[in-house]
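First up is the structure itself, then whatever we jot down about it.
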Amino acid sequence: MVPARDIAVLGATGSIGGSALDVIARHPGRLRVALLAAGRNVDALLALCRQHRPRHAVIADEAGFPALRDGLREAGLDTRAHTGEALDALVAGDACDTVVAAIVGAAGLPSTLAAARAGKRLLLANKESLVLAGELLMAAAREGGATIVPIDSEHNAIFQCLPDAHARAGLRRLVLTASGGPFRGRSRASLADVTPAQAIAHPKWSMGPKISVDSATLMNKGLEVIEAHHLFAVPGDRIDVLVHPQSLVHSLVEFVDGSTLAQLGLPDMRTALAVGLAWPERIVSGVAGLDLLAEGGRLEFEPPDLDAFPCLQLAFDALAAGGTAPAVLNAANEVAVSAFLQGELGFLSIPRLIEDTMSALPAAPAGTLEALSDADAGARRHASAAIAGFA
Ligand code: NAD
Ligand code: MG
């Protein structure tokens, strides 16, 4: 039986947060919600507190604190309200032994690092923290004795196929699969006028708006290449990407003896979350088994189109450049996606703005968190100022 766990869900009101809480609620008594944290949606956080009765609730947006505190009191809950300032200490403290890191963007880095340093079981969905500070985060996890279970479906698949050091020693290459997003098969020219609503209508996965746009540009796969490099210590030239429109094969691992292992399943993040919560055991997640015939009886694969979706190549370039380059790529992408979602930047200008920012801030050594934070801030400043020129 899975051991009892006290779980902090960071990004609780989001897509991954909701899936995590769904799995947790299927195992009452063993899986307990200790802490819920959200960005600014107090009403949604309060509703989750009424349902899951955590010991702590954190709202990052200070303006939301009085409403959270008063709402918890009115609901008669013992849950303590906090602002975002308390988050890192709570994550590192005794209240939880397991942390679901599902805040979106670089905003998730401090709490993810705190969980790693404090030796927690870290269910890592916040891929941007690995892209921004992969070496530091992996070192913090090693030194703190944290167990990282990747929650990105591709990396969770690879994790399942590479259970121990023996398997890793015989690894030849990783193949990340990609759905291709909503614009698969379209030429670059035909993408000039696509709208945010079209970009976030993902054909296979239901996700938050930022990662949905990243999937449409293929930047999501680029971030995942960098993520895989850090998680599994594999250089970029041994990581390949294959478009697989059915999204049933979640990634593949090739060994030196010619074997290839893959993990398959329906596209539902609750499987990866259940793996993270119970590993090495298996628990019910609410996801049905895979019926390949009912899913159409076909598994198709094709190469990614780097002309229509240049973001993937930009991410490979940033990984090869190393140092601060992935942090700059990530920050410029966050600015570009946010501007696209607000109607201030065209879809095709997303890679242009990122490329422009990467050329303006060439890779520098990135040994410290401070150097990476400076690169992140500098890239945000440059990209924000450059938007008008690309709109
Ligand atoms: P989402 O937009 O649905 O949710 C984001 C969550 O983060 C919300 O709860 C929001 O309140 C919270 N948040 C934002 N800023 C915050 C801050 N400063 N402090 C505290 N909380 C904050 O996003 P999502 O789709 O759930 O994605 C979350 C992360 O998981 C992303 O890094 C994404 O790349 C990764 N991921 C998601 C999926 C998926 O299927 N949704 C799959 C793989 C990886
Ligand atoms: Mg993924």
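Every number for a ligand or one of its atoms is a count from 1 in the order of the listing. Note that the coordinates shown come from a computational prediction; the quantities given were computed from them, not determined experimentally.
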Can you work out which protein residues put a heavy atom within less than 4.0 Å of ligand 1? Gly11, Ala12, Thr13, Gly14, Ser15, Ile16, Ala38, Gly39, Ala60, Ala102, Ile103, Val104, Ala107, Ala125, Asn126, Lys127, Glu128, Asp152, Met207, Gly208, Pro209, Ile211, Met269
Could you state whether Ile7 and Leu123 fall into the same hydrophobic cluster, counting links through intermediate Ile, Leu, Val, Met, Phe, Trp or Tyr residues with side-chain heavy atoms under 4.5 angstrom apart? yes
Name all residues meeting the ring pair (Phe, Tyr, Trp, His ring centres under 6.0 Å) criterion together with Phe316; count only those two or more places apart in sequence or in a different chain, and write none if there are none. none
Sequence neighbours excluded and cut-off under 3.5 Å, please list the side-chain donor-acceptor pairs for residues 17-40, or say none.
from  : atom 1 : to     : atom 2 : distance (Å)
Ser19 : OG     : Ser15  : O      : 3.3
Asp22 : OD1    : Arg26  : NE     : 2.9
Asp22 : OD1    : Arg26  : NH2    : 3.0
Asp22 : OD1    : Arg270 : NH1    : 3.1
His27 : NE2    : Val284 : O      : 2.8
Arg30 : NE     : Val2   : O      : 2.9
Arg30 : NH2    : Val2   : O      : 3.0
Arg32 : NE     : Asp6   : OD1    : 2.8
Arg32 : NH2    : Asp6   : OD1    : 3.3
Arg32 : NH2    : Asp6   : OD2    : 3.2

Do Leu290 and Glu295 have side chains that get closer than 4.5 Å, going by heavy atoms? yes
Ile148 side chain near Met138 side chain, heavy-atom distance below 4.5 Å: yes
Are the side chains of Leu124 and Leu137 in touch, meaning some heavy atoms are under 4.5 Å apart? yes
So that I can tick it off, tell me whether Glu224 and Lys221 are bridged by a salt bridge, with the cut-off set at under 4.0 angstrom between side-chain N and carboxylate O. yes
Just the protein N/O/S atoms under 2.8 Å from the Mg ion (ligand 2), please, no waters. Asp152 OD1, Glu154 OE1, Glu224 OE2
Please determine whether a side-chain nitrogen of the Lys or Arg among Lys210 and Glu128 lies less than 4.0 Å from a carboxylate oxygen of the Asp or Glu. yes
Heavy atoms, side chains only, cut-off 4.5 Å: are Val253 and Leu174 in contact? yes
